[in-house]
Amino acid sequence: MKVFKFGGASVNSADAVRNMVGIVQAHLESDPLVVVVSAMGKTTNLLEKLVPGQMSTTGEERSVLREQLETYHLDIAKNLIANDNSLVDKVQDLLCRLDETIASLQRSPEHYNYNYDQVVSFGELISTTIIAHYLNHLGINTQWIDARQVIVTDDHYREGRVDWEATCAESNLFMEMAEGHQVALTQGFIGATSSMHTTTLGREGSDYSAAILAYCLGAESVTIWKDVPGFLNADPKYFSDTVKISCIPYNEAIELAYYGASVIHPKTVKPLQNMGIPLYIRSFLAPASEGSVIGNYHTISPETPLYIFRNNQMLLSIFPRDYSFIAEDNLQAIFGLLNELGIRVNLMQNSALSFSICIDNNPQLVGRLIEGLKSMFLVRYNENLQLITIRYYNQEVIDSIVAGRPVLLEQRSRSTEQIVVPCR
Ligand code: ASP
Ligand code: MG
């Protein structure tokens, strides 16, 4: 059994859905093909603005967005299957349920994360409803499966943590439902608590959903269909001459995702590694080309430097108020605060007199962090920075990336160079 995952960009229009369905059709086998799909296009971003308690959206904006959501999905549905009211009715039913859900939720801030999951999950419910209906319309025998019946998480809303035992047990149900069908189509990104409250797995979590299902179903492989030709050595947004990496060891992929490579969701690789399931990354724009594979390898091939850029970074330098040494109790206080605010440190360095951390410049959190730190320490900071990680570096490569910019922080291990420089 194989698992395919299609993200929002691969199903963002009726033509995109036709292309995606063509890929599915070309890979049908005797076993059902498990297909995991995200919300269409930028639907998740739109739904985020409709979450009750989302203060920045005005009432007027809400009605415009709600209208956009409806028009966008109905246009795709009607374009895929002309003169078929049953699909339009299904989509409209879901939109009614969305309205009812929004109306029923409590608006106070402590309910925000819960509300978020109840609302945002409709993106995946609508996309999979349309695509399953279309597949069946084409004569491809498809079972729509509600991922919330299978993927069991705790009640950590917006970042549900998977209950592996319960999920693997529910996977039997998934198999039963899939049995006798050519395609078992389900939603990425969403799950539910054991008491059936909808949860989500964190933004871009559909890759992770595919990995969870593959693990629990004992799949032979996972393929993520993307708008890039495979795993590239740098983000093509920043680099014109990227190199495609054909084979990547599991651990390398985990490291790269940790440093911020955005090609796959960071939690995706570990469950696959545990079961030795290969993860293919292929292009939905060029489905005949080979792509990349993450699996049991010792080194990347071809061997070439890999670059990961994190923009909008901030460097904080923290000094004891009496200009004494930075000691363990100081570090404990700093990390306590970071942990409390849920801020991840992307790079850190200490000297005798100061401790420096490089973090994402998230305006809401950073203000609170600085305020908290200032009650104990002297704090200096720089904004508009870029953290560049280079795996398998050499001096020439570093020089060309730095391009004469001042290096504010640098850390080097045998395989990895990390530098913080002002954004270009
Ligand atoms: N639709 C969700 C998001 O946009 C999940 C995903 O696309 O992976 O974050
Ligand atoms: Mg996506």
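Note that ligands are numbered from 1 as they come in the structure, with each ligand's atoms numbered from 1 the same way.
At a cut-off of 3.5 Å, with distance as the only test, no side-chain donor of Gln386 or Tyr238 sits close to an acceptor on the other residue.
Between Val162 and Tyr208 the shortest side-chain heavy-atom distance falls below 4.5 Å. Taking the side chain as every heavy atom from C-beta outward, Phe174 and Val34 approach each other to under 4.5 Å.
Geometric assessment of Arg66 against the ring of Phe122 yields a negative cation-pi assignment under the 6.0 Å and 45° thresholds.
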inquiry  = Test side chain to side chain contact (heavy atoms under 4.5 Å, CB included) on Phe284 and Asp227; report intermediate values, then the result.
reply    = CA-CA 6 Å; Phe284 63 78; Asp227 57 1; 3.7 Å; yes
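Atoms of ligand 1 found under 4.0 Å from any heavy atom of Thr44, numbered from 1 in the order shown, are 1 (N), 2 (C), 3 (C), 4 (O). Atoms of ligand 1 lying under 4.0 Å from any heavy atom of Arg203, numbered from 1 in the order shown and given with element: 3 (C), 4 (O), 9 (O). Taking a cut-off of under 4.0 Å to the non-hydrogen atoms of Phe189, the atoms of ligand 1 that pass are 2 (C), 5 (C).
Only the side chain of Ser38 comes within contact range of ligand 1, with a heavy atom under 4.0 Å; no backbone atom does. Counting heavy atoms closer than 4.0 Å to ligand 1, residue Glu124 contributes side-chain atoms (C-beta onward) but none from N, CA, C or O.
In terms of polar-atom proximity, Lys5 is not counted as a contact of ligand 1, lacking any N or O under 3.5 Å from an N or O of the ligand.
Looking only at distances, a side-chain donor or acceptor of Thr142 sits under 3.5 Å from a matching main-chain atom of Ile140.
Ligand 1 has no atom lying under 4.0 Å from any heavy atom of Gly188.
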